[in-house]
Amino acid sequence: MREPARRAHPPSETDDSLTLLLLCCHPALSTTSQVALTLRAVGGLTTAEIAHAHGTTEATMGTRISRAKQQLVRAGARLTPPTDADRDARTAAVTQVLYLVFNEGYTASAGAELARVDLTREAIRLTRMLRAAP
């Protein structure tokens, strides 16, 4: 953030973080479920942190995440790369995920630290990669 001219480097062969986010935002799920499941499975946030970000209870969010997993199983969903038809929707969901990861890092909802620089840094890095992606 101190270097506004800095651009995202092309994704390296070993960094599949952005790809994993896109895979997790499966079109068989609603956007809300995509975001919640992705925050939990890939974003590294706890169910309580996700619930706080969505303004709901931890129990409600836990149920939502569990139902999203079950829905993927019932649909026989496979983690496949986005098609041209669903790329925009998946990208929009990933953008929401990165926004919420950044927010949790900027003002942590739990813990002794007010901010979690690791989360904000990663959200910024991945957002730059997403913006630079074709």
Side-chain angles (χ1 to χ4, degrees):
M1 291 190 42
R2 293 182 190 153
E3 303 170 41
R6 185 174 143 192
R7 300 284 182 232
H9 297 289
S12 71
E13 295 299 320
T14 59
D15 186 356
D16 293 326
S17 302
L18 188 57
T19 302
L20 192 55
L21 289 170
L22 286 164
L23 291 174
C24 211
C25 289
H26 198 278
L29 301 173
S30 68
T31 302
T32 303
S33 293
Q34 287 175 342
V35 171
L37 181 61
T38 304
L39 284 168
R40 184 70 186 111
V42 183
L45 291 146
T46 65
T47 304
E49 291 167 337
I50 299 166
H52 182 264
H54 282 90
T56 189
T57 66
E58 186 174 354
T60 299
M61 188 52 65
T63 301
R64 181 177 292 158
I65 292 169
S66 179
R67 286 182 182 159
K69 291 177 190 177
Q70 292 168 6
Q71 186 176 355
L72 287 175
V73 170
R74 279 192 309 273
R78 299 279 182 245
L79 294 180
T80 57
T83 63
D84 289 340
D86 69 3
R87 179 174 297 283
D88 288 343
R90 285 189 187 205
T91 300
V94 169
T95 301
Q96 288 182 31
V97 168
L98 295 174
Y99 172 78
L100 292 172
V101 169
F102 178 85
N103 280 350
E104 180 60 32
Y106 186 74
T107 306
S109 62
E113 298 295 321
L114 177 62
R116 294 177 58 191
V117 176
D118 59 324
L119 288 179
T120 56
R121 184 178 293 129
E122 184 66 357
I124 291 168
R125 183 183 77 83
L126 290 171
T127 301
R128 287 179 173 154
M129 285 175 58
L130 184 63
R131 186 175 182 275

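Computed over heavy atoms, backbone and side chain alike; hydrogens, waters and symmetry mates excluded.
Checked by atom type, the side-chain pair Asp86/Thr83 shows a donor-acceptor distance below 3.5 Å. Judged purely by distance below 3.5 Å, without hydrogens or angles, the side chains of Thr60 and Thr57 pair a donor atom with an acceptor atom.
Note: Ile65 CD1 to Thr47 OG1 = 4.5 Å, rounded to the nearest 0.5 Å. Rounding to the nearest 0.5 Å gives a distance of 12.5 Å between CZ of Arg121 and CG of Leu126. Taking CD of Gln34 as the start and CG of Leu22 as the end, the distance is 10.5 Å to the nearest 0.5 Å. How far CG of Leu130 is from CG of Leu21: 8.5 Å, rounded to the nearest 0.5 Å.
Residues passing the salt bridge (Lys or Arg N to Asp or Glu O under 4.0 Å) test with Arg116 are Glu49, sequence neighbours excluded. Applying the salt bridge (Lys or Arg N to Asp or Glu O under 4.0 Å) rule to Glu104 yields no partners; only residues at least two apart in sequence or on another chain are considered.
Leu45 and Val101 get closest at one heavy-atom pair: CD1-CG2, 3.9 Å. Shortest non-hydrogen contact noted between Arg40 and Thr46 is NH1-CA, 3.9 Å. Listed here is the closest heavy atom pair of Ala53 and Leu100: CB-CD2, 3.9 Å. Closest non-hydrogen pair, Thr32 versus Arg64, comes out as CG2-NH1, 3.4 Å. In this structure, Arg90 and Pro81 approach most closely via the heavy-atom pair NH1-C, 4.0 Å. Across all their heavy atoms, Ala123 and Leu98 have their closest contact at CB-O, 3.6 Å.
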Please table the atom pairs, donor to acceptor, closer than 3.5 Å between any side-chain atom in residues 23-31 and protein atoms at least two apart or in another chain.
| residue | atom | partner | partner atom | Å |
| --- | --- | --- | --- | --- |
| His26 | ND1 | Ala28 | N | 3.0 |
| His26 | NE2 | Arg78 | O | 3.3 |
| Ser30 | OG | Ser33 | N | 3.2 |
| Ser30 | OG | Ser33 | OG | 3.2 |

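Between Phe102 and Leu119 there is no side-chain heavy-atom pair separated by less than 4.5 Å. Residues Leu72 and Lys69 are not in side-chain contact: their nearest non-hydrogen atoms beyond the backbone lie 4.5 Å or more apart. A 4.5 Å side-chain heavy-atom check between Thr38 and Leu20 finds every atom pair outside the cut-off. Using a 4.5 Å heavy-atom threshold, the side chains of Ser17 and Arg125 count as touching. Residues Glu122 and Asp118 fail the side-chain proximity criterion, which asks for heavy atoms closer than 4.5 Å.
The main-chain N or O of Ile50 is found under 3.5 Å from a side-chain atom of His54 such that the two form a donor-acceptor pair. No donor-acceptor pair under 3.5 Å is formed between the side chain of Ser66 and the backbone N or O of Gly62.
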